[in-house]
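This report concerns only the one structure given below.
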Amino acid sequence: MYVCSCFGVTEKQVKQHADAGACTPRQIASACKAGTDCGSCVRRIQAILGRGNCPRRELLDQGMPALSTEAVAELGEAAQLGEAA
């Protein structure tokens with residue numbers, strides 16, 4: 001099912017980005033552009049991510065980067081795979 005109609009991003013893709021380390025709608029947007037056009041999907045993205053489920057939330061709360069360099073690379077690869085699908 002599509003979460004973001006503007007960019008054709010599916011729920012599966014959002015979950016893949018979350019599994020790769022994206023904890024916030026902004027991080028999802030950085031990975032696949034979902035939520036950056038009309039914004040109507042942001043609440044759905046928030047619901048998929050859940051509240052407080054992010055294992056990296058403590059790092060974010062301390063102002064530290066939540067994603068390692070490897071995780072950022074994984075997000076980029078997942079985004080490319082999503083665009084190919």
Side-chain angles (χ1 to χ4, degrees):
M1 175 201 286
Y2 285 101
V3 172
C4 176
S5 299
C6 297
F7 293 104
V9 179
T10 65
E11 185 171 337
K12 180 180 177 182
Q13 289 171 298
V14 172
K15 288 180 181 178
Q16 287 173 336
H17 294 306
D19 290 343
C23 297
T24 65
R26 183 171 286 177
Q27 290 172 341
I28 295 293
S30 293
C32 62
K33 297 184 184 177
T36 62
D37 194 26
C38 78
S40 66
C41 60
V42 173
R43 287 187 187 258
R44 179 71 183 130
I45 292 168
Q46 288 172 325
I48 292 168
L49 294 175
R51 190 94 173 118
N53 286 352
C54 182
R56 296 172 180 89
R57 179 72 58 200
E58 285 182 25
L59 293 173
L60 290 172
D61 290 343
Q62 295 171 6
M64 299 174 67
L67 300 177
S68 66
T69 305
E70 295 83 19
V72 171
E74 287 177 24
L75 284 173
E77 289 173 16
Q80 289 175 350
L81 289 174
E83 291 171 3

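Since this is a predicted model, take the numbers as computed values, not measurements.
Shortest non-hydrogen contact noted between Ala22 and Leu49 is O-CD2, 3.8 Å. Considering all non-hydrogen atoms of both residues, Glu11 and Ile48 come closest at CG-CD1, 3.6 Å. Pairing each heavy atom of Cys4 with each of Cys41, the nearest pair is CB-SG, 3.8 Å. The shortest heavy-atom contact between His17 and Cys32 is NE2-CB, 3.6 Å. Between Thr36 and Ala29 the shortest heavy-atom distance is CG2-CB, 3.5 Å. Scanning both residues, Ile45 and Pro25, for their nearest heavy atoms gives CG2-CA, 4.0 Å.
Val42 and Val14 fall into different hydrophobic clusters, where Ile, Leu, Val, Met, Phe, Trp and Tyr are joined by side-chain heavy atoms under 4.5 Å apart, directly or via other members.
The closest side-chain donor-acceptor pair between Ser30 and Gln27, if any, does not fall under 3.5 angstrom.
Note: Gln16 CD to Thr10 OG1 = 7.0 Å, rounded to the nearest 0.5 Å.
With contacts defined as side-chain heavy-atom distances shorter than 4.5 Å, the pair Tyr2/Val9 does not qualify.
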